[in-house]
Engineer: 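The structure's right below; bear with me while I get my questions together.
Nothing here was measured: the structure is a model prediction, and the numbers come from that model. First listed ligand is number 1; within each ligand, the first listed atom is number 1.
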Amino acid sequence: MNPKIALTIAGSDPSGGAGIQADLKTFTALGVYGTAAIAGLTVQNTQGVRAAAPVDPALVRDQIAAVLDDLPVAATKLGMLSNAAVAGVVADLLEERRADFGVVVLDPVMVATSGDRLLQDEAVETVRDRLLPLADLITPNIPEAAVLLGSTPAGHLDESTAQALALRGLGARAVLLKGGHQSGEELTDVLADAEGVTLFTDGRIDTRNTHGTGCTLSSAIAAFSALHGDTIGSGISREAIGQARGYLLRAIASGAAWTLSRSPGTGHGPVDHLVGKARP
Ligand SMILES: Nc1ncnc2c1ncn2[C@@H]1O[C@H](COP(=O)(O)OP(=O)(O)OP(=O)(O)O)[C@@H](O)[C@H]1O
Ligand SMILES: Cc1ncc(CO)c(N)n1
């Protein structure tokens, strides 16, 4: 059978735990053929982000068009889009040829785990007003949801649920508000979609290796959605979201089991995308 094809449009993380690199590892681990258009460069490692720069918007547009002109993409993940000009050309292409992107998962990346900014302030409007309504699912973390809504970050589950519903009110077809930034022993991701609100709760895994969890989750959702054959009109299936969370939790648990000397990097290390398989 021909492979399912997924596209990521995101930023590069040279240390390999987040961004394009995490997305391609995830696609491969889940048996999906990965393609990638680089929207920005970062200079980062597990300790933090040293610098970030956008790719020329025309080059971003041309990379995406080159993929779409040639390969039947079943699902697209949007990650770090750098600035308003880059987000704008992605929005232009989505408006022009929405069907070619397959189902779209928008991870509105704004700030890295280390606290560094990955999206310029002026781009928030483009992400909210043009990209959000075109996506099948958006996957903000708690601070990103607050920025999109112009409110303060949710402090407890009732507020997260209210914000997930409010983001649907802005035109998002479905919202998975991620709970990684909650305190406490349990983490809850809140899904708000046409069927209502669903809570996904799991115990917090005790680990420093959480670099790229958000990227891994959104690309895993795109991958499973491609494998399920989800269609643009009917959106991302709950099965795809559940399976993606299952994969992420196994990858976090496997990365948590790395001993300090084997863990890649000295800071917040990555998750184990191979989930313990085929490691020398
Ligand atoms: N320590 C942990 N144990 C279990 N699940 C976790 C842990 N940390 C994060 N998660 C899960 O990982 C996913 C990503 O959550 P988070 O809110 O941290 O996203 P993010 O801030 O976008 O990630 P990133 O670190 O890539 O910027 C969520 O599904 C969250 O529940
Ligand atoms: C390139 C890139 N995208 C997203 C994130 C968020 O984790 C990151 N740290 N780097």
Engineer: What do you reckon, is CG of D206 surrounded by more than 12 foreign heavy atoms closer than 6.0 Å?
Structural biologist: no

Engineer: Could you tell me whether N141 and ligand 1 have an N or O pair separated by under 3.5 Å?
Structural biologist: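 Among all N and O atoms of N141, at least one is under 3.5 Å from an N or O of ligand 1.
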
Engineer: Just wondering, are more than 12 heavy atoms of other shown residues or ligands nearer than 6.0 Å to CD in E125?
Structural biologist: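 At most 12 heavy atoms, drawn from other residues, nucleotides or ligands, come within 6.0 Å of this atom.
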
Engineer: Closest by any non-hydrogen atom to atom 17 (O) of ligand 1: pick that one out of G180, S218, G212, A251.
Structural biologist: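 Closest candidate by heavy-atom distance is G180.
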
Engineer: What I want to know is whether H181 and ligand 1 share at least one N or O pair that is separated by under 3.5 angstrom.
Structural biologist: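 Indeed, backbone or side chain, H181 has an N or O that close.
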
Engineer: Could you check atom 22 (O) of ligand 1 against the protein and tell me its nearest heavy-atom contact, residue, atom and distance included?
Structural biologist: K178 NZ, 2.7 Å

Engineer: Can you list the ligand 1 atoms lying under 4.0 Å from a non-hydrogen atom of T210?
Structural biologist: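 That gives atoms 25 (O) of ligand 1.
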
Engineer: Identify the protein heavy atom lying closest to atom 23 (O) of ligand 1, giving its residue, its atom name and the separation to 0.1 Å.
Structural biologist: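 Atom 23 (O) of ligand 1 sits closest to the protein heavy atom G214 N, 3.1 Å.
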
Engineer: Looking at side-chain heavy atoms only, is the closest gap between Q44 and R50 below 4.5 Å?
Structural biologist: no

Engineer: Nearest protein heavy atom to atom 27 (O) of ligand 1, by residue and atom, and its distance?
Structural biologist: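 The answer is T113 OG1, 3.6 Å.
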
Engineer: D272 and G255: which non-hydrogen atoms are nearest, and at how many Å?
Structural biologist: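 D272 and G255 have their closest heavy atoms at CB-N, 3.6 Å.
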
Engineer: List ligand 2 atoms under 4.0 Å from A112, heavy atoms only on the residue side.
Structural biologist: 9 (N)

Engineer: Is the contact between D107 and ligand 1 made by the side chain, the backbone, both, or neither, using heavy atoms and a 4.0 Å cut-off?
Structural biologist: neither

Engineer: Do H268 and Q47 pair up side chain to side chain, a donor and an acceptor below 3.5 Å, judged on atom types alone?
Structural biologist: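 Side chains of H268 and Q47: no pair found under 3.5 Å.
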
Engineer: Please report the closest heavy-atom contact between K4 and V32, naming both atoms and the distance.
Structural biologist: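 That would be O-CG1, 3.4 Å.
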
Engineer: Tell me whether Q44 has any N or O atom under 3.5 angstrom from an N or O of ligand 2.
Structural biologist: yes

Engineer: Using a strict cut-off of 4.0 Å, indicate which atoms of ligand 1 neighbour a heavy atom of L249.
Structural biologist: 4 (C), 5 (N)

Engineer: For the residue pair Q163 and S151, confirm or rule out a side-chain donor-acceptor distance under 3.5 Å.
Structural biologist: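 The answer is yes; a qualifying pair exists.
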
Engineer: Taking atom CZ of F200 as the centre, report whether more than 12 heavy atoms of other residues, nucleotides or ligands fall under 6.0 Å from it.
Structural biologist: yes

Engineer: Is L217 close to ligand 1, meaning an N/O of one under 3.5 Å from an N/O of the other?
Structural biologist: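 It does not: no N or O of L217 is found under 3.5 Å from an N or O of ligand 1.
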
Engineer: Counting only heavy atoms, tell me which of P14, G11, A10, G17 gets closest to atom 1 (C) of ligand 2.
Structural biologist: G11

Engineer: Starting from atom 5 (C) of ligand 2, locate the nearest protein heavy atom and write down its residue, its atom name and how far away it is, to 0.1 Å.
Structural biologist: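 So the nearest neighbour among protein heavy atoms is L118 CD1, 3.6 Å.
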
Engineer: Is there a polar contact between ligand 1 and L248, counting only N or O atoms under 3.5 Å apart?
Structural biologist: no

Engineer: Would T207 count as being in polar contact with ligand 1, using the rule that some N or O on each side must be under 3.5 angstrom apart?
Structural biologist: no

Engineer: Atoms of ligand 2 less than 4.0 Å from V109 heavy atoms?
Structural biologist: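 That gives atoms 4 (C) of ligand 2.
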
Engineer: Please report which non-hydrogen protein atom sits nearest to atom 3 (N) of ligand 1, along with the residue it belongs to and the distance in Å to one decimal place.
Structural biologist: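 For atom 3 (N) of ligand 1, the nearest protein heavy atom comes out as I205 N, 2.9 Å.
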
Engineer: T8 and K77: side-chain donor and acceptor closer than 3.5 Å?
Structural biologist: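 Looking only at side-chain atoms, K77 and T8 do not form any donor-acceptor pair under 3.5 Å.
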
Engineer: With heavy atoms of R204 as the reference, note each atom of ligand 1 found under 4.0 Å away.
Structural biologist: 1 (N), 3 (N)

Engineer: Within the 4.0 Å heavy-atom shell around L187, which atoms of ligand 1 are there?
Structural biologist: 2 (C), 3 (N), 4 (C), 5 (N), 6 (C), 7 (C), 8 (N), 10 (N)

Engineer: What protein heavy atom is closest to atom 4 (C) of ligand 2, reported as residue, atom name and distance in Å?
Structural biologist: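 Minimum-distance protein heavy atom for atom 4 (C) of ligand 2 reads C215 SG, 3.5 Å.
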
Engineer: Would you indicate whether E95, at its atom CD, is surrounded by more than 12 heavy atoms from other residues, nucleotides or ligands within a distance under 6.0 Å?
Structural biologist: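 Atom CD in E95 is crowded, with more than 12 foreign heavy atoms closer than 6.0 Å.
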
Engineer: Of all the atoms in ligand 1, which lie at a distance below 4.0 Å from a heavy atom belonging to D189?
Structural biologist: 28 (C), 29 (O), 30 (C), 31 (O)

Engineer: Transitively linked via ILVMFWY side-chain contacts under 4.5 Å: V86 with L118?
Structural biologist: no

Engineer: If you apply the rule side chain to side chain contact (heavy atoms under 4.5 Å, CB included), what do you find for I20 with D13, and how did you get there?
Structural biologist: CA-CA 7 Å; I20 289 274; D13 167 10; over 6 Å; no

Engineer: Between H211 and ligand 1, does any nitrogen or oxygen pair lie at a separation below 3.5 Å?
Structural biologist: no

Engineer: What are the two closest non-hydrogen atoms of M80 and T42, and how far apart are they?
Structural biologist: SD-CG2, 3.6 Å

Engineer: Can you give me the closest heavy-atom contact between L132 and A172, atom names plus distance?
Structural biologist: CD2-N, 3.3 Å

Engineer: Could you list which atoms of ligand 2 come closer than 4.0 Å to a heavy atom of A18?
Structural biologist: 8 (C), 9 (N), 10 (N)

Engineer: Nearest to atom 14 (C) of ligand 1, what protein heavy atom do you find, and at what distance?
Structural biologist: T213 OG1, 3.6 Å

Engineer: Going by atom types alone, do Q182 and T188 pair a side-chain donor with an acceptor below 3.5 Å?
Structural biologist: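 Judged by distance alone, the side chains do not pair up.
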
